[in-house]
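Here is the structure we will look at, set down as structure tokens.
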Amino acid sequence: MTPEAPIPAVSARANQLTVVLVAILVAFIAGLAAMAIVFRLGGGWGVAPPAAPAAPVQPLAPPAPAMVPATDVATLAAREQALAARLDQLDARLRATDGDARVAASYAGRAEAMMLVTATRRALERGQDLGIIAGELKQRLGPAAPDAVTTVIGASAEPLTLEDLRLAFDQIAPRLSTSQPDDGWLSAIQRELSTLVIIRKQGSPSPHPRERLARARRLLAQGHVEAALAEVSRLPGAQGAESWMAAAGRYIETRRALDTLETAAIQGKAQPVTGARAPATPASIGTGE
């Protein structure tokens, strides 16, 4: 055999290289085709096209002012009169409200004064000291009824109750229907003769000492101290009951003073509490001041 035998191996390698090159070329062409398809379907290489420039914003024109209808002088005058009438109504309401408030304050002040007088009367009827009530009486009712306030406060220093008068009357009753030992014999005889024959109108109370004494006891039990005192003063033994009659007179004076304070409280003469508004009077309510 000759030395040219290895030539077929070289040709085989050349064929393999040719196959590889053809495969690479086919792959490159396929890649180009794929890129072309993607470029057409995807709208380019993914870069967004430049946006169109925005149109300039035009400023809004201000709204045209509304046309105000022409107003004549008569319409303005009518509106002014309506407004004045409205103001007058509001002022009248304010005056009425202020008047009502003053009336309410007046009634409240009277009620407080009446409660004060009632508390004073209750304390005296129980024989108790007035305590702080005395100061309130001086402040609230002292300017309106100074004498009555002085009498009531003085009576509270020596309290005297109706029961005290009844007990004292029972003690002096036996000697009220008889004359006193120091009376002269002539006075005693005249008094005894006057009781033998009694002339009186039909229906009038009997002046006999026993009847008069019974009436005094009955009047005292009913709380009529003034009438009982009048009966006792006409009894034969009235001179021996001077201390009892003095106490009864003081009791009557104290009750009259309480009645005076009660009247002043009802009439609204009591002074208001410190810091409170003065109660209204009928004149101030009428004028609205």
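- The main-chain N or O of Gln271 is found under 3.5 Å from a side-chain atom of Arg140 such that the two form a donor-acceptor pair.
- Under the 3.5 Å distance criterion, the side-chain polar atoms of Trp244 are left unmatched by any main-chain donor or acceptor of Ile172.
- Taken together through direct or relayed side-chain contacts under 4.5 Å among Ile, Leu, Val, Met, Phe, Trp and Tyr, Leu219 and Tyr251 form parts of separate hydrophobic clusters.
- Remark: Glu253 pairs with no residue by the salt bridge (charged side-chain N to carboxylate O under 4.0 Å, His left out) rule, at least two apart or across chains.
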Task: Residue pair Arg110, Ile266: steps toward the side chain to side chain contact (heavy atoms under 4.5 Å, CB included) verdict - done: CA-CA 6 Å; Arg110 295 181 186 184; Ile266 294 175; 5.9 Å; no
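- Of all heavy-atom pairs spanning Ala228 and Ala216, the tightest one is CB-O, 3.6 Å.
- Under the rule for a salt bridge (charged side-chain N to carboxylate O under 4.0 Å, His left out), the partners of Asp259 that lie at least two apart in sequence or sit in another chain are Arg121.
- Between the CG atom of Leu176 and the CD atom of Gln239 there is a distance of 11.5 Å, given to the nearest 0.5 Å.
- Salt-bridge check for Glu231 with Arg217: failed, with every basic side-chain N at 4.0 Å or more from each acidic carboxylate O.
- A donor-acceptor contact shorter than 3.5 Å links the side chain of Arg166 to the backbone of Ala221.
- Closest approach of Leu162 to Gly223, counting heavy atoms only: CD2-CA, 3.8 Å.
- Separating the OG1 atom in Thr120 from the CG atom in Leu137 is a distance of 4.0 Å, to the nearest 0.5 Å.
- Closest approach of Ala134 and Ile153 over heavy atoms only: O-CD1, 3.9 Å.
- Taking CD1 of Ile252 as the start and CG of Leu229 as the end, the distance is 5.0 Å to the nearest 0.5 Å.
- Between Pro159 and Gln128, every side-chain heavy-atom pair lies at or beyond the 4.5 Å cut-off.
- A distance of 4.0 Å separates NZ of Lys269 from CD of Gln267, quoted to the nearest 0.5 Å.
- Between the side chain of Arg234 and the backbone N or O of Ala230 there is at least one donor-acceptor pair closer than 3.5 Å.
- Interatomic distance, Leu235 CG to Arg210 CZ, rounded to the nearest 0.5 Å: 12.0 Å.
- In this structure the side chain of Glu226 never reaches within 4.5 angstrom of the side chain of Arg255, judged on heavy atoms.
- Counting heavy atoms of neighbouring residues, nucleotides and ligands inside a 6.0 Å radius, atom CD1 of Ile29 exceeds 12 of them.
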Open item on the list: What verdict does the salt bridge (charged side-chain N to carboxylate O under 4.0 Å, His left out) test give for Glu125 and Arg122, after you've listed the backbone C-alpha separation in whole Å, the side-chain angles of each residue and the deciding distance to 0.1 Å?
Closed with: CA-CA 5 Å; Glu125 289 177 352; Arg122 184 177 301 175; over 6 Å; no
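- Inter-residue side-chain proximity for Val232 and Phe169 is flagged as met; some heavy-atom pair is nearer than 4.5 Å.
- The shortest heavy-atom contact between Leu141 and Ala265 is CD2-N, 4.4 Å.
- Using a 4.5 Å cut-off on side-chain heavy atoms (C-beta onward), Ser156 and Leu124 make contact.
- The local environment of CD in Gln89 is crowded, with over 12 non-hydrogen atoms from other residues, nucleotides or ligands closer than 6.0 Å.
- Nearest heavy-atom pair across Leu261 and Val149 is CD2-CG2, 3.7 Å.
- Using a 3.5 Å distance cut-off with no hydrogens or angles, the side chains of Asp164 and Thr161 do pair a donor with an acceptor.
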